[in-house]
There are 2 protein chains.
Amino acid sequence: MRKISESTVRRLCGYLRLLEEFQRAGKTTVSSDELALRGHTTPAQVRKDLSFFGSFGKRGLGYDVCDLTERLRDIMGLDKNYRVALIGAGKIGSALVQYRGFSDRGFDIVSVYDNDETKVGTSWGDVAVRHVSALESDLAVAPIQIAIIATPASEAQATLDRLVQLGIKAVLNFAPTQLDHPADVTVQNVNMAVELETLSYALRSCG
Amino acid sequence: MRKISESTVRRLCGYLRLLEEFQRAGKTTVSSDELALRGHTTPAQVRKDLSFFGSFGKRGLGYDVCDLTERLRDIMGLDKNYRVALIGAGKIGSALVQYRGFSDRGFDIVSVYDNDETKVGTSWGDVAVRHVSALESDLAVAPIQIAIIATPASEAQATLDRLVQLGIKAVLNFAPTQLDHPADVTVQNVNMAVELETLSYALRSCG
DNA sequence: TACTATTTGTGAATCATTTCACAAACAGTC
DNA sequence: GACTGTTTGTGAAATGATTCACAAATAGTA
Ligand SMILES: NC(=O)c1ccc[n+]([C@@H]2O[C@H](COP(=O)([O-])OP(=O)(O)OC[C@H]3O[C@@H](n4cnc5c(N)ncnc54)[C@H](O)[C@@H]3O)[C@@H](O)[C@H]2O)c1
Ligand SMILES: NC(=O)c1ccc[n+]([C@@H]2O[C@H](COP(=O)([O-])OP(=O)(O)OC[C@H]3O[C@@H](n4cnc5c(N)ncnc54)[C@H](O)[C@@H]3O)[C@@H](O)[C@H]2O)c1
């Protein structure tokens, strides 16, 4: 299939969120116009984004909310649950494991790793922190699909290398550093410093 | 000045980070090739990005590390410090206030607000949590330039509206929802759910 | 000074994404 | 069933971003 741009994929997430909202509100159909308005984009963009995957609407009517929700979930691979491991039981890791929003969407943090002996064994929500040296043997028994790197930046590359070695293909990285990795591994960065600096750039003109 | 694309601005942040690394490593000059290699881009892209703002290099030699660092800081508006307010003293807010990475870069979280009476008055690092109703009067006395929204999604739009009313022009939003705002206000979203869903999409093919 | 080896800065060319515009499809109504 | 008012799906056009390719600039060397 044709390569889909990252911006399209990100917009699809947005449509899905809106559809869930519409569903909760009891709406049964929705038009590209409505999705565009609420999603900060244009009707043509909405239709083009969807058209890469098929034609899900009815001309003159719009899209069936439930049907399109299902289709999008399917397209995005959100019809299944993912087992996620968190590496780095620090401040940000703590917020992440306690957050219900991820498991609500099918991303279950099933294990937490750290290299600090004083943290190993302590209970974090449902799971006990394990020593990062157990990573290899643990994953052999109970595989995961996604890893979250929440270690200090200095440890991030080595951590990623280990994860790659273990065959992990999807990583969410919180360390503020650009990591090297093979092309078949997807690394998504959450870089809050960049977001703040983008704000700084935007404020230039405001005095 | 010509409109600079967001991707260019984000890459500039990356160059800046690399330059600081090079500086720590004692390097005095750097070429677009080196920046490209470490920054996961191309030499032509690096030069084009910089060329929007001027010509900072020396042909045959490359860029002076210190000079280019300074220029980029200036371009990005990072030569000054920013006063930042955090709205929502929850799990993610806790990680953010404790994080030194922001103040290191000139973003100082100078106040924390919540609407939960049991949290108001408790000490969070240097600052005491204040009731969100004090926002207006506080900012009249000690203005801030950037606000971080870390409230539940249901409260995010109303919170943003208040901030806009107060004249805030730059907001970092952690709530997983698309917020409406005037064109002269910049809102950067940190949406981890979208990043995870992008990973899910990438994993489609991997079985 | 002349020659070499680099590396920048930038128009032009290519590639990607967004927007436009309209025929085709459909529900509702008379 | 014909007519009306919508709204989709999609090529074509426009816009935007990246890559190419090369002249111009510079340091070093002899
Ligand atoms: N806290 C924030 O708000 C915030 C914001 C933006 C970015 N970040 C980034 O997120 C990362 C984590 O930040 P934090 O504030 O949670 O830091 P932290 O110091 O609180 O936590 C890091 C944890 O990683 C553990 N660790 C160190 N090396 C390890 C290794 N090799 N394997 C496994 N665990 C290891 C440490 O023991 C510690 O528990 C950092 O890269 C930081 O720059 C944090
Ligand atoms: N925790 C995470 O890892 C995480 C990850 C991704 C996104 N988020 C998002 O970040 C936001 C905060 O998440 P959290 O986990 O910290 O939640 P939380 O419930 O721990 O914290 C939210 C805080 O906001 C306060 N609050 C509620 N209404 C308020 C208002 N009107 N004004 C000021 N404060 C108000 C609450 O009292 C609470 O202290 C949410 O929108 C969440 O979806 C969190």
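The chains referred to below are lettered A, B, ... by the order of the sequence lines, with proteins before strands, and numbering in each begins at 1.
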Provide, to the nearest angstrom, the distance between the [atom1] atom belonging to [X] and the [atom2] atom belonging to [N].
X	N	atom1	atom2	result
F52(A)	dT17(C)	CZ	P	8 Å
Q45(A)	dT17(C)	CD	C1'	7 Å
L68(A)	dT8(D)	CG	C1'	12 Å
K48(A)	dG16(D)	NZ	P	17 Å
D64(A)	dT8(D)	CG	P	13 Å
R11(B)	dA17(D)	CZ	C1'	8 Å
D49(A)	dT17(C)	CG	C1'	10 Å
K3(B)	dT18(C)	NZ	P	13 Å

Out of [options], which nucleotide sits closest to the side chain of [X]?
X	options	result
R59(B)	dT8(C), dA27(C), dT8(D)	dT8(C)
S31(B)	dT7(C), dT8(D), dT18(D)	dT7(C)
S55(A)	dG9(C), dG9(D), dT8(C)	dG9(D)
T42(A)	dT19(C), dA23(D), dT18(C)	dT19(C)
Y63(A)	dA27(D), dG9(C), dG9(D)	dG9(D)

Quick check on K58(B): does its NZ atom have over 12 non-hydrogen neighbours (other residues, nucleotides or ligands) under 6.0 Å away?
no

Assess whether atom CD of E70(A) is packed by more than 12 heavy atoms of other residues, nucleotides or ligands within 6.0 Å.
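No - once you tally the heavy atoms of other residues, nucleotides and ligands closer than 6.0 Å, there are 12 at most.
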
Stacked cation flag R105(B) on F107(B), 6.0 angstrom / 45 deg:
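No, R105(B) does not sit over the ring of F107(B).
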
If you assign each of A44(A) and G62(B) to its closest nucleotide in DNA chain C, which residue comes earlier from the 5' end?
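The answer here is G62(B).
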
Give the intermediate values and the outcome of salt bridge (Lys or Arg N to Asp or Glu O under 4.0 Å) for residues K27(B) and E34(B).
CA-CA 12 Å; K27(B) 233 169 158 335; E34(B) 293 172 287; 3.0 Å; yes

